[in-house]
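Just so it is clear, the structure is predicted and the values come from calculations on it, not from any experiment.
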Amino acid sequence: MQWFGKAVGGILGFVTAGPVGSVLGIILGHQLDDRGAFLRGADRPALERISQLFFEVAFEVMGRVAKIDGRVSEDEIRVARAIMHGMQLAPAEVESAIEHFNRGKSESYSTTERLSALERQIGDRGELARAFVQLQLQAAIGAGPIGPEKRQLLWHVASALHVTRAELAQIEAFVRAHSERAARQSDAQLLDNAYRVLGVAADASDDEVKKAYRRLMNQHHPDKLVARGLPQSMIGIAEQKTHEVRAAYEKVKAQRGFK
C-alpha cells in the first residue's frame, strides 16, 4: 500500500481547516534550499516508507493518547473521525486509520517501540517530527481539557522524536491560536498569543521579531515538508502553521508600527 502523495496532501488539508485539516505539507521544507539535488537524487521508495509509517503511527498514538486516562470519549472519537474526514481519505484508507487507532488503544501497544521506529525513519527531518507532534496536540486539544496523564504522554511522544519542551509549548500555542480564533479575546490576549506563536518575548527587539517570523515561515513551508516525506494527506498542518505565523506577525507588526 502506498500512502505517499495522498497521505501527505490530506494531512496538510487537515491543518488548513483546523482540527479537521491535515498534516502532510510540512515535508517539503528544507529540500527547496537544494531543489535541484532533491529532484535528481530523491529516494522515492524511502519517502513512501516514511509517509506510510508516519500515517500508521500517527493514528496509533492518537488512539493511545485517547485511551491513556481510562476510556475513549465520544469527543475523542469525533475528533479522530474529523481528522480522517479532513484528510479526505478513501473508504479503505479510513478503515486502515481506524485499525491503527484501535491498535494504539490496546494495552499491549508499545508507544516507545513504534515511536523509535518512526524516529529512525524520520532521521534529521525535524519538520516531520514537529508535524507529528502538532497532529497529536490537535487531536488532544480538540477533544477537550488535557489532563496530567495525557500531557505526560504527549511529552513522551515529543521527546522520543527530539522535539524540545520549548518547541512543544510553541506548537501548542499554534494549535490553541487556531482553535480559539473564533472565541472572543481581548486585544491584550490576542497580542500575548501572537508573541507565543512567534516564540519571542514581548520585549524582543523588532529585528528579533522579524528574524523569528522569517525562520518560522521557512521552517513550516508546505512544499518543503512534503519533499521531506510528510504524508500527502497531512499537508494541512503546514498550511495552518504558516497561516498562524503570518497572522501573529501582522498582529505584532501592527502593534509596534514597523514595516
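- Expressed to the nearest 0.5 Å, how far CZ of Arg246 lies from CG of Leu216 amounts to 12.0 Å.
- Interatomic distance, NE2 of His156 versus CZ of Arg64, reported as 10.5 Å (0.5 Å rounding).
- Of all the heavy atoms in Ala140 and Ile146, the pair that sits closest is CB-CD1, 4.0 Å.
- At distances below 3.5 Å, at least one donor-acceptor pair connects side-chain atoms of Gln136 with backbone N or O atoms of Ala58.
- More than 12 heavy atoms of other shown residues, nucleotides or ligands fall within 6.0 angstrom of atom CD in Gln255.
- A salt bridge links Asp75 to Arg78: at least one charged side-chain nitrogen sits closer than 4.0 Å to a carboxylate oxygen.
- The pair Glu60-Lys105 does not count as a salt bridge, with every side-chain nitrogen at least 4.0 angstrom from each carboxylate oxygen.
- Between Ala212 and Val200, the closest heavy-atom pair is CB-CG1, 3.6 Å.
- Two residues are said to be in side-chain contact when any heavy atoms from C-beta on lie closer than 4.5 Å; Val79 and Met62 fail this criterion.
- Considering only heavy atoms from C-beta on, Val133 stays 4.5 Å or farther from Glu167 through its side chain.
- Taking all atoms of both residues into account, the shortest heavy-atom contact from Val163 to Leu168 is CG1-N, 4.0 Å.
- Residues Glu74 and Arg81 are not paired through a salt bridge, judged by the lack of any N-O separation under 4.0 Å between the basic side chain and the carboxylate.
- Side chain to side chain, Thr112 and Ser110 fail the donor-acceptor criterion of an N or O pair below 3.5 Å.
- Side-chain contact between Gln138 and Ile83 is absent, with no heavy-atom pair separated by less than 4.5 Å.
- Listed here is the closest heavy atom pair of Phe59 and Ala97: CB-O, 3.7 Å.
- Checking side-chain atoms of Glu76 against main-chain N and O of Ser73 turns up a donor-acceptor pair under 3.5 Å.
- Val57 and Tyr109 make their closest contact through CG1-OH, 4.3 Å (heavy atoms, listed as atom of the first residue, atom of the second, distance).
- The two atoms that bring Phe101 and Ala80 nearest to each other are CE1-CB, 3.9 Å, heavy atoms only.
- In this structure, Gln134 contributes its side chain and Val175 its backbone to no donor-acceptor pair below 3.5 Å.
- Considering CZ of Arg130 and CD1 of Ile122, their distance stands at 10.5 Å, rounded to 0.5 Å.
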Salt bridge (Lys or Arg N to Asp or Glu O under 4.0 Å) for Arg103 and Glu99? Distances and angles first, verdict last. CA-CA 6 Å; Arg103 181 178 300 174; Glu99 177 185 342; 3.2 Å; yes
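- A salt bridge links Asp192 with Arg196: at least one charged nitrogen is closer than 4.0 Å to a carboxylate oxygen.
- Note that the NZ atom of Lys253 and the CG atom of Asp206 stand 11.5 Å from one another [nearest 0.5 Å].
- Aromatic ring pairs are classed by plane angle as parallel below 30°, tilted from 30° to 60° and perpendicular above 60°; the pair Tyr213 and Tyr249 is parallel.
- At a threshold of 4.0 Å, the pair Glu208-Lys211 does not count as salt-bridged, since none of the basic side-chain nitrogens sits closer than that to a carboxylate oxygen.
- Donor-acceptor pairing under 3.5 Å is lacking for the side chains of Ser116 and Glu119.
- To the nearest 0.5 Å, atom NE2 of residue His100 and atom CZ of residue Arg114 are 7.0 Å apart.
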